[in-house]
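Take a look at the structure set out below.
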Amino acid sequence: MRSILCLLPATLALVPLVSASFQQFGIPASRSTVSVKRILVGNLTVHDGILPGLFSPNLPGVDSLPLPMYAFLLEHGAQKVMFDLGMRKDVSGLTPAARELFTAGEFVEGIKMDVVAQLEAGGVSVKDIETVIWSHAHFDHTGDMTKFPNSTNLVIGPETNMTIYPADPSSYVQASDFAGRNVTKVDFAKSNLTFSGLKAVDYFGDGSFYLMDTPGHFPGHLTGLARVTPTSFILLGGDSFHHDGQMRPRPALQAAFPCPAHIRESASHTISTDYFWSPDTRPGSFDVRSRASPLLAISDIPGSFYSDPVQAGVSVDKLAAFDADEDFLVLIAHDIDALGTLPYFPEALDGWKAAGVKEGLLWHFLEVGSESFVFRPNVSESNSAE
Ligand SMILES: [Zn+2]
């Protein structure tokens with residue numbers, strides 16, 4: 001194990017520092033930045049055996065959801081780091097516990113090129129990946145570490161359970177994930193940084209990229225915070241939550257980024273008032289503006305995909321401050337709403353703020369045409385006529 005804090009040359013940007021809202025989060029000023037590039041590894045179609053383990057309520061007939069899997073390439077000068085890898089291409093290479101989810105039909109994978117193939121096709125040699133960071137040790141984030149040379153380090157959260165299959169038959173990790181490489185657990189105790197109540201470490205030691213402790217979904221769960229300009233950030237939320245309706249709406253977001261009128265209007269008659277309510281809602285006419293809490297809850301049923309649903313809810317509450325701030329773009333690992341609205345590798349996401357993409361993304365989950373719309377029962381015409 002080696003120290004997570006390594007001091008390396010800063011990437012100097014030419015933009016002057018100004019007092020900005022990030023400083024209210026306790027984030028130190030810095031001109032050092034990383035470039036963030038998003039890779040769509042594939043889509044995981046989740047069926048109704050899984051959905052109640054992700055969020056509630058689950059409405060009748062809403063029985064599948066396409067979850068994209070993103071991996072992120074971070075470039076810090078010449079240094080290249082991956083934050084998550086998505087899933088490996090060969091289901092047969094998963095541990096039995098993970099494989100079972102596919103044979104039971106609860107997941108359907110759609111992977112044409114894994115993350116390594118996409119990196120190489122885009123001109124990035126896997127040999128140049130200095131470190132892989134797992135947001136957590138679920139199979140749809142850990143990829144296939146055997147495709148990386150032993151010189152590639154692995155960084156994981158402090159509570160990550162490293163008991164591998166078959167010692168732990170329920171484990172998603174296996175010997176080949178760790179064999180022959182440096183594996184480092186992030187040590188939050190060595191850092192005095194706390195952003196919006198979340199413990200943080202300065203990964204490169206220059207303020208360009210932080211890892212934050214976001215417990216609740218799975219032991220050792222990490223969130224990344226990438227400074228892409230001196231004053232704007234991309235928050236890589238991993239599986240802190242799985243659907244934008246678990247984050248939104250909230251009062252601070254409503255004040256900073258009001259729901260656009262056309263979405264408010266369509267939502268008024270598409271969101272089921274049998275399942276969702278707010279103070280100014282009337283039967284058959286949902287009012288988004290007076291809704292003060294997220295529409296979807298973190299699942300707390302037995303078998304939930306959140307190992308500690310209460311902690312997960314608190315982590316999302318803490319992340320919500322970033323979501324409501326104009327300097328932060330929150331992206332989760334399975335963000336359905338970001339599928340078609342942001343560029344992919346080899347293009348960078350760094351210009352998100354100047355491009356104004358946040359405004360278009362925040363309320364997309366309430367648009368009736370969006371793939372993430374789960375707010376009315378999906379009853380076929382033949383059924384409803386009966
Ligand atoms: Zn997960």
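Bear in mind that the values here come from a model prediction, so they are computed numbers and not experimental data. All ligand and atom numbering here is 1-based and tracks the order in the structure. Count residues from 1 along the sequence.
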query = Can you tell me how far the CE atom of M247 sits from the CG atom of L362, to the nearest 0.5 Å?
reply =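 These two atoms lie 10.0 Å from each other.
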
note = Among the N/O/S atoms of D239, the Zn ion (ligand 1) lies closest to OD2

query = Closest to the Zn ion (ligand 1), which N/O/S atom of H138 is it?
reply =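 The Zn ion (ligand 1) is closest to the H138 atom ND1, counting only N, O or S.
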
inquiry  = Restricting to N/O/S atoms, is H141 within less than 2.8 Å of the Zn ion (ligand 1) or not?
reply    =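 So H141 does not bind the Zn ion (ligand 1) by this criterion.
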
key: 2.8 Å cut-off met by an N, O or S atom of H217 to the Zn ion (ligand 1)   = yes

task = Evaluate the side-chain proximity of S32 to R227: yes if any heavy-atom separation is below 4.5 Å, no if none is.
result =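 Answer no - side chains too far apart.
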
inquiry  = Distance alone, cut at 3.5 Å: any donor-acceptor contact between the side chains of D239 and H334?
reply    =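 Result is yes, a qualifying pair exists.
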
query = Charged N to carboxylate O below 4.0 Å: is that the case for K80 and E130?
reply = no

